[in-house]
Protein chains: 2
Amino acid sequence: MSQRKTTIREVASRAGVSLGTASNVFNGKAGVGAESRQRVLEAAEALGFRPNSLAAGLRRQRTRTIGLVVPDVLNIVFNELVEHLENIALSQSYEVIIVTSREDPEREHERVRALLSRRVDGLVIVPTRDWSATEREMRHHRIPVVVLDRVAAHDHFPSVAVDNAAATRLGTEHLLGLGHRDLAFVINSTRLWNSAARVEGFLAAMRAAGLEKRARVLLPGMTEEETRAGVLPVLTAANRPTAVFTGSNVATLGVLRAVQDAGMAIPQDLSLLAFDDFAWLTVLRPFVSAIRQPTEALAGHAWRILTAAFEAPDRPAEHIRLPAPLIARETTAAPPGKVKAPRRMKAFKDTVDGALP
Amino acid sequence: MSQRKTTIREVASRAGVSLGTASNVFNGKAGVGAESRQRVLEAAEALGFRPNSLAAGLRRQRTRTIGLVVPDVLNIVFNELVEHLENIALSQSYEVIIVTSREDPEREHERVRALLSRRVDGLVIVPTRDWSATEREMRHHRIPVVVLDRVAAHDHFPSVAVDNAAATRLGTEHLLGLGHRDLAFVINSTRLWNSAARVEGFLAAMRAAGLEKRARVLLPGMTEEETRAGVLPVLTAANRPTAVFTGSNVATLGVLRAVQDAGMAIPQDLSLLAFDDFAWLTVLRPFVSAIRQPTEALAGHAWRILTAAFEAPDRPAEHIRLPAPLIARETTAAPPGKVKAPRRMKAFKDTVDGALP
DNA sequence: CTGTTAGCGCTTTCAG
DNA sequence: CTGAAAGCGCTAACAG
């Protein structure tokens with residue numbers, strides 16, 4: 001395949017300088033005469049020189065590359081995370097290699113090994129449900145790691161995530177403040193990482209309002225269709241909730257389908273609040289009120305912690321939890337038959353008015 | 001940062017064999033005794049050896065890595081392309097590094113240079129609108145390249161795409177077959193790669209039916225909002241079309257919004273056919289009829305051509321154009337006031353019944 | 001079947 | 001300020 005690429009040696013010789021000098025030019029090192037520098041650059045241009053980062057990384061023992069492991073990249077939250085991390089990294093002349101685990105622990109492990117073989121300088125990971133093997137591998141290799149989004153109670157590695165319980169508490173208080181009393185929280189499964197915390201926040205807010213008896217938690221299943229099927233009877237029952245709070249993308253999709261099946265109108269018959277915002281929520285009318293993850297800030301913290309670890313590998317693990325704002329749009333309103341009490345509650349100070357992303 | 005990783009030399013010495021033998025084990029070379037092999041593997045396991053692919057690539061002059069350049073990865077079409085290409089590559093023990101151009105020619109060029117520095121063995125690219133600089137760079141480096149999806153009339157590189165004109169012809173004939181006569185084709189701009197071909201196919205079908213006078217092509221702009229605003233007056237005019245064919249994701253979103261604004265019902269008041277299928281089209285009721293790109297087949301051809309070029313770099317460029325099936329779902333029906341003529345036309349033989357992805 | 005050796009392209013001392 | 005030389009970890013060629 002393709003003939004040999006031009007090397008820095010050829011560039012140097014064409015420029016009439018030594019190999020070392022040429023190297024210094026490309027690495028912005030001080031101590032190269034202006035004229036030499038100029039000639040090196042010209043020679044490189046003329047020859048179409050592209051430095052071999054394999055050789056550089058091998059010699060330098062750092063690659064200025066970080067690995068980013070996400071379950072998937074179609075999900076708007078992960079996509080934004082990737083995008084922001086990439087922006088920061090590129091601005092610091094780091095590269096990022098993205099790999100996807102597809103929620104499969106084995107694939108995750110295998111992809112991480114590939115990143116390790118590439119000698120990435122650090123790793124940011126949104127782990128799968130059971131990532132113990134992956135974690136062990138990472139610990140063994142003593143490479144800086146930051147866990148993002150799906151954090152467990154006590155992570156060995158530094159972690160960055162939204163404060164899930166606080167976020168659902170906030171959302172629940174929003175619905176309560178509108179006059180709702182019968183609330184349902186819909187999420188796929190509490191076995192997933194953040195889900196338990198989300199349920200907990202919901203229940204805490206209901207308890208604080210003395211409404212624990214009227215709090216319903218629905219776990220209809222992992223798919224959109226299971227959610228639709230599981231939620232539909234609840235929505236059409238006599239004692240149906242007046243508001244539904246969905247704890248994940250899939251749950252939101254499933255509930256929307258169930259609402260259509262039930263022929264209900266949002267927010268007249270039912271209020272809906274979603275966890276995680278989506279780009280495509282904009283096709284829906286009315287616009288869906290949502291808890292939005294501050295992905296840019298999350299990515300910023302992950303980067304900061306990771307690069308700090310490059311300097312000082314043995315610092316204690318930091319654990320960041322950020323508040324997630326509530327974006328009140330059109331799907332949350334007073335319950336049917338009630339007069340809305342638009343008094344703004346203190347708890348709503350994080351609420352943001354809903355400009356679309 | 002992190003202490004030195006274990007090398008193949010350490011593995012070899014622990015296993016009591018020579019460096020070369022250890023290397024042969026990891027590369028599956030014949031001629032290693034079963035016992036030696038076993039001991040090497042054990043030593044590697046015990047030491048947590050992870051081969052340094054930088055060193056291997058440097059020495060071997062091939063990295064078993066391909067670069068994949070896409071505008072973006074949130075778009076379902078690109079996402080599927082990436083996914084399929086990755087699946088094939090991994091199954092052949094190749095790695096793929098994905099970079100995103102964000103539709104920015106400069107960023108595209110810069111990202112390609114980074115891939116070149118990593119010495120990828122080949123490149124698959126979905127180019128931006130003006131990728132001449134990128135293209136020149138690639139030609140200079142004589143690296144195998146396949147252009148995917150956004151192909152131009154005469155590409156220097158091998159190319160793989162859908163036959164856009166044929167696809168819109170098929171879609172248009174579907175609408176005509178249902179009895180529609182006043183059709184509008186909505187797309188962002190004909191300056192974009194495939195868009196011109198899509199418009200052409202639409203017009204060709206209308207011309208063939210003797211309806212060129214009633215064919216409308218709308219170019220409302222690049223954004224969803226511009227599309228909504230541009231299309232709305234057309235939908236509410238007295239001589240409104242009875243069916244709309246959207247030529248891109250953005251156009252579809254914009255039209256859906258306009259339809260909602262106009263208070264129209266689909267398909268009772270208006271039929272809608274979309275180019276490109278989306279996962280989230282499933283939230284919409286009724287299900288949107290769409291032209292689906294055969295992403296798996298596209299990826300397969302791209303891979304085949306690329307790897308063929310590894311063997312024989314100078315073979316003439318192949319140009320693949322695949323048919324795109326029409327998935328008739330619920331948004332395309334007979335026009336208002338017409339009796340549907342459900343006679344299946346010959347041209348529909350590519351039509352597939354609409355199972356959701 | 002196993003061991004030795006040269007060198008991939010680069011960065012980084014260290015002398016000049 | 002510049003040049004020569006060593007070596008990062010690995011594979012491939014060749015000698016035993």
Side-chain angles (χ1 to χ4, degrees), chain A residues 1-40 43-44 47-65 93 116-121 141, chain B residues 1-41 43-44 47-65 93 114 116-121 141:
Chain A
M1 202 199 37
S2 65
Q3 67 207 47
R4 271 251 297 304
K5 307 272 191 300
T6 59
T7 71
I8 197 172
R9 170 163 264 127
E10 299 172 68
V11 173
S13 98
R14 184 181 227 257
V17 302
S18 85
L19 189 167
T21 301
S23 172
N24 286 338
V25 170
F26 295 121
N27 293 290
K29 292 262 165 74
V32 182
E35 201 196 327
S36 299
R37 139 174 261 92
Q38 180 60 24
R39 289 171 50 200
V40 168
L47 297 171
F49 172 62
R50 208 104 301 287
N52 183 329
S53 64
L54 270 51
L58 179 58
R59 173 61 234 239
R60 203 167 357 205
Q61 296 288 77
R62 331 178 283 113
T63 52
R64 286 193 86 82
T65 300
S93 15
L116 258 13
S117 267
R118 280 186 195 280
R119 296 298 187 261
V120 293
D121 294 337
H141 283 271
Chain B
M1 206 197 36
S2 64
Q3 66 209 46
R4 270 248 300 304
K5 308 272 191 300
T6 60
T7 69
I8 197 171
R9 170 163 265 126
E10 300 172 69
V11 173
S13 99
R14 184 182 227 259
V17 301
S18 85
L19 189 166
T21 301
S23 172
N24 285 339
V25 170
F26 296 121
N27 293 291
K29 292 260 165 75
V32 181
E35 200 196 328
S36 299
R37 137 174 264 93
Q38 181 60 26
R39 290 170 51 199
V40 168
L41 260 16
L47 298 171
F49 171 63
R50 208 103 300 288
N52 185 328
S53 64
L54 271 51
L58 178 59
R59 173 62 235 239
R60 203 165 358 203
Q61 297 288 79
R62 328 179 288 115
T63 52
R64 287 193 85 82
T65 300
S93 15
L116 259 12
S117 267
R118 280 186 196 279
R119 297 296 188 260
V120 293
D121 294 338
H141 284 271

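Reckoned from all heavy atoms, side chains included, excluding hydrogens, waters and symmetry mates. To find a chain, count down the sequence lines: A is the first, B the second, and so on, and within it residues start at 1.
Atom CG in A:L47 sits roughly 15 Å away from atom C1' in C:dG9 (whole-Å rounding). Atom CD in A:E10 sits about 9 Å away from atom P in C:dC10, given to the nearest Å. Between the CZ atom of A:R119 and the C1' atom of D:dG9 there is a distance of 9 Å, rounded to whole Å. If you take CZ of A:R64 and P of C:dT11, they are 13 Å apart, rounded to a whole angstrom. When rounded to the nearest whole Å, the span between CZ of B:R39 and P of C:dT2 equals 10 Å. Nucleotide D:dC8 holds its P atom 22 Å from the CZ atom of A:R118, rounded to whole Å. Nucleotide D:dT11 holds its C1' atom 15 Å from the CG atom of B:L54, rounded to whole Å. Look at CZ on B:R9: it is 12 Å from P on D:dG7, rounded to the nearest Å.
For the side-chain contact (heavy atoms from CB on, under 4.5 Å) test, residues two or more places apart in sequence or in another chain that qualify with B:S23 are B:I8, B:N27. Scored by the side-chain contact (heavy atoms from CB on, under 4.5 Å) test, B:A56 finds B:R60 as partners (sequence neighbours excluded). In this structure A:T21 satisfies the side chain to side chain donor-acceptor pair (under 3.5 Å) test together with A:S18, sequence neighbours excluded. For A:R50, the salt bridge (charged side-chain N to carboxylate O under 4.0 Å, His left out) test picks out B:E137, with sequence neighbours left out. With sequence neighbours excluded, no residue forms a side chain to side chain donor-acceptor pair (under 3.5 Å) with B:S36. When the side chain to side chain donor-acceptor pair (under 3.5 Å) test is applied to B:R119, no partner is found at least two apart in sequence or on another chain.
The stretch residues 11-18 of chain A touches DNA chain D through A:V17, A:S18, each having a heavy atom under 4.0 angstrom from the strand.
Distances shorter than 4.0 Å separate some side-chain N or O of A:Q61 from OP1 or OP2 on D:dG9.
Counting only heavy atoms from C-beta outward, the side chains of B:R14 and B:L47 approach each other to under 4.5 Å. Looking at A:R118 and B:T65, their side chains come closer than 4.5 Å, going by heavy atoms from C-beta outward.
Note on the helix from C:dC1-D:dG16 to C:dG16-D:dC1: angle between the axes of the first and last five pairs equals 40°, rounded to 10 degrees.
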Which atoms of nucleotides 12-15 of chain C (N or O only) lie under 3.5 Å from a protein N or O atom, and what are those distances?
{"unit_1": "C:dT12", "atom_1": "OP2", "unit_2": "A:K29", "atom_2": "NZ", "d": "2.9"}

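B:T63 approaches B:G57 most closely through the heavy-atom pair CG2-CA, 4.3 Å.
Note: A:T7 OG1 to A:L19 CG = 7.5 Å, rounded to the nearest 0.5 Å.
Using a 4.0 Å heavy-atom criterion, one finds that B:S36 contacts the sugar-phosphate atoms exclusively. At a threshold of 4.0 angstrom between heavy atoms, the contacts of A:I8 are confined to the sugar-phosphate backbone, with no base atom among them. Within the nucleic acid shown, A:F26 has no heavy atom closer than 4.0 Å to any nucleic acid atom.
The side chain of B:T21 sits closest to C:dT2 out of D:dC10, D:dG3, C:dT2.
Remark: side-chain polar atoms of A:R64 are paired, donor with acceptor, to backbone N or O of A:S93 under 3.5 angstrom. Using a distance-only test at 3.5 Å, with no hydrogens or angles considered, a donor-acceptor pair links the side chain of A:S53 to the main chain of B:S117.
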